[in-house]
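Quick notes on the structure that follows.
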Amino acid sequence: MSSRGVVRRALSHHSFVLGGLLVALLLATAALSLVWQPWPPAEIDINARLQGPSAVHWLGTDSLGRDVATQLLVGSQTSLLVGVFAVAIGLGAGVLLGLLAAAAGGWIDEAVMRLSDFGFAFPALLSAILLAAIYGPGLATGVVAIGVFNVPVFARTTRAAALQVWSRDYVLAARAAGFGPWGITRNHVLPNIANVLIVQATVQFSTAILGEAALSFLGLGAQPPRPSWGRMLAEAQTQMFQAPSLAVYPGVAIALTVLGLNLLGDGLRDLLDPRLARSR
């Protein structure tokens, strides 16, 4: 299919377009916050606490007088940072383990799968609690905890997709031609499962953002003065009746981000799957 046809098909896919727009909005927000902020994110002004939206503070102020719009802008950096590094950890280690299990088989395959089962026994929240008890809470603790949880997810996904490719005729022909397991993995298996991994990465990215928000809500993620959407929700609990909008703003930001990533992943799955592409 020509590049023009690919673009036309992508633009006709409503989930892909809407998800792409929401993700682009998140990226633009984070990029904007790197070069411009309405107020310093850690600036406290008790005299201006719990103000409503105004020309000075577009979305009002929180219980410490900090500008809510600035907190939201800079908080997008935290979400993206956690998502990128947590997915990178899971993708790097998980794909390697999944490819190893599919290529080697036997006891290696069994060991990798049992290791994945063991990893699923320690969800990100539990891992973060364990790491926080040893090293203290912080953004790095949340990233490592979520990233480690992503490893078995990518390992299982990679193994399942790779085993399907290993049964294809062209792989059997490559083996008959004398190519080794790693040559086949590099030249045939990995390129043919890349679409699956891309879709899974978008799903895990949204999960990582939710995980970071949950950890920050519990005080195990990003620590003050770094803004975080999850901690904004936690701080808004005590002001629910005085200023309910303090919980609405970060909640909507998290919801739109996760929705955008999930829609983008759904659209990518349809666009990258050749069977679904022919049926559309």
Side-chain angles (χ1 to χ4, degrees), residues 22-23 25-26 29-30 33 37 39 41-44 49-50 59-87 89-90 119-150 153 202-262:
L22 290 175
V23 172
L25 178 61
L26 172 66
T29 300
S33 66
Q37 299 161 4
W39 292 83
E43 182 176 297
I44 295 175
R49 63 189 299 270
L50 298 179
L59 298 179
T61 59
D62 63 9
S63 59
L64 296 177
R66 295 171 299 188
D67 184 67
V68 174
T70 302
Q71 295 280 307
L72 285 175
L73 281 172
V74 183
S76 64
Q77 295 180 25
T78 303
S79 296
L80 278 177
L81 191 66
V82 171
V84 168
F85 281 99
V87 170
I89 292 172
F120 281 125
F122 291 89
L125 180 58
L126 180 58
S127 299
I129 293 174
L130 293 175
L131 291 173
I134 299 173
Y135 301 106
L139 188 62
T141 298
V143 169
V144 172
I146 299 170
V148 168
F149 181 74
N150 282 339
V153 175
T202 60
V203 174
Q204 294 309 120
F205 202 112
S206 65
T207 303
I209 290 177
L210 277 177
E212 186 279 326
L215 293 176
S216 295
F217 183 86
L218 297 174
L220 300 174
Q223 300 297 300
R226 173 180 282 275
S228 167
W229 292 343
R231 197 174 67 253
M232 290 178 69
L233 283 173
E235 294 172 349
Q237 287 185 104
T238 58
Q239 313 293 335
M240 285 298 293
F241 295 102
Q242 292 176 276
S245 61
L246 293 180
V248 172
Y249 294 136
V252 170
I254 294 171
L256 289 178
T257 299
V258 173
L259 175 63
L261 286 165
N262 286 335

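- Within the model, atoms OH of Tyr249 and CG of Leu72 stand 8.5 Å from one another, a figure rounded to the nearest 0.5 Å.
- Scanning for salt bridge (Lys or Arg N to Asp or Glu O under 4.0 Å) contacts around Asp67 gives an empty result, with sequence neighbours left out.
- A 4.5 Å side-chain heavy-atom check between Ile89 and Asn150 finds every atom pair outside the cut-off.
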Where do Phe85 and Val144 land on the side-chain contact (heavy atoms from CB on, under 4.5 Å) test, with the steps shown first? CA-CA 8 Å; Phe85 281 99; Val144 172; over 6 Å; no
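- Residues Ile146 and Val82 meet the side-chain proximity criterion, which asks for heavy atoms closer than 4.5 Å.
- For the salt bridge (charged side-chain N to carboxylate O under 4.0 Å, His left out) condition, the pairs that include at least one residue of residues 228-245, sequence neighbours left out, are Arg66-Glu235, Arg231-Glu235.
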Between Ile254 and Leu233, does the side-chain contact (heavy atoms from CB on, under 4.5 Å) criterion hold? Intermediate values first, please. CA-CA 10 Å; Ile254 294 171; Leu233 283 173; 3.8 Å; yes
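- Here the CD1 atom belonging to Ile134 is positioned 12.5 Å from the CD1 atom belonging to Ile129, to the nearest 0.5 angstrom.
- Put simply, the side chain of Ser127 does not reach to within 4.5 Å of the side chain of Phe149, judged on heavy atoms.
- When side chains are defined from C-beta on, Thr207 does not count as touching Val153, because their heavy atoms never get closer than 4.5 Å.
- Looking at every heavy atom in both residues, Pro41 comes nearest to Pro227 through CB-CG, 3.9 Å.
- With contacts defined as side-chain heavy-atom distances shorter than 4.5 Å, the pair Thr141/Leu220 does not qualify.
- Here the closest heavy-atom approach between residue Ala208 and residue Ala86 is recorded as CB-CB, 4.1 Å.
- Here the shortest heavy-atom pairing between Ala222 and Arg226 reads CB-CD, 3.9 Å.
- Shown here is Tyr135, whose OH atom has no more than 12 heavy atoms of other residues, nucleotides or ligands within 6.0 Å.
- Judged by distance alone, the side chain of Thr70 and the main-chain N or O of Gln37 form no donor-acceptor pair under 3.5 Å.
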Could you give me the CA-CA distance, side-chain angles and deciding distance for Phe205 and Leu80, then say whether side-chain contact (heavy atoms from CB on, under 4.5 Å) is met? CA-CA 9 Å; Phe205 202 112; Leu80 278 177; 3.8 Å; yes
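- A side chain to side chain donor-acceptor pair (under 3.5 Å) with Ser228 holds for exactly one of Gln77, Gln223, Glu212; it is Glu212.
- Looking only at side-chain heavy atoms (C-beta outward), Leu246 and Met232 stay at 4.5 Å or farther from each other.
- The shortest distance between side-chain heavy atoms of Leu64 and Arg49 does not fall below 4.5 Å.
- The OG atom of Ser63 sits 6.0 Å away from the CG atom of Leu50 when rounded to the nearest 0.5 Å.
- The shortest distance between side-chain heavy atoms of Val203 and Leu261 does not fall below 4.5 Å.
- Taken from OG in Ser33 to CD in Gln71, the straight-line distance is 11.5 Å, to the nearest 0.5 Å.
- A distance-only check finds a donor-acceptor pair linking the side chain of Ser76 to the backbone of Leu73 [under 3.5 Å].
- Distance OG/Ser79 to CD1/Ile209: 5.5 Å, rounded to 0.5 Å.
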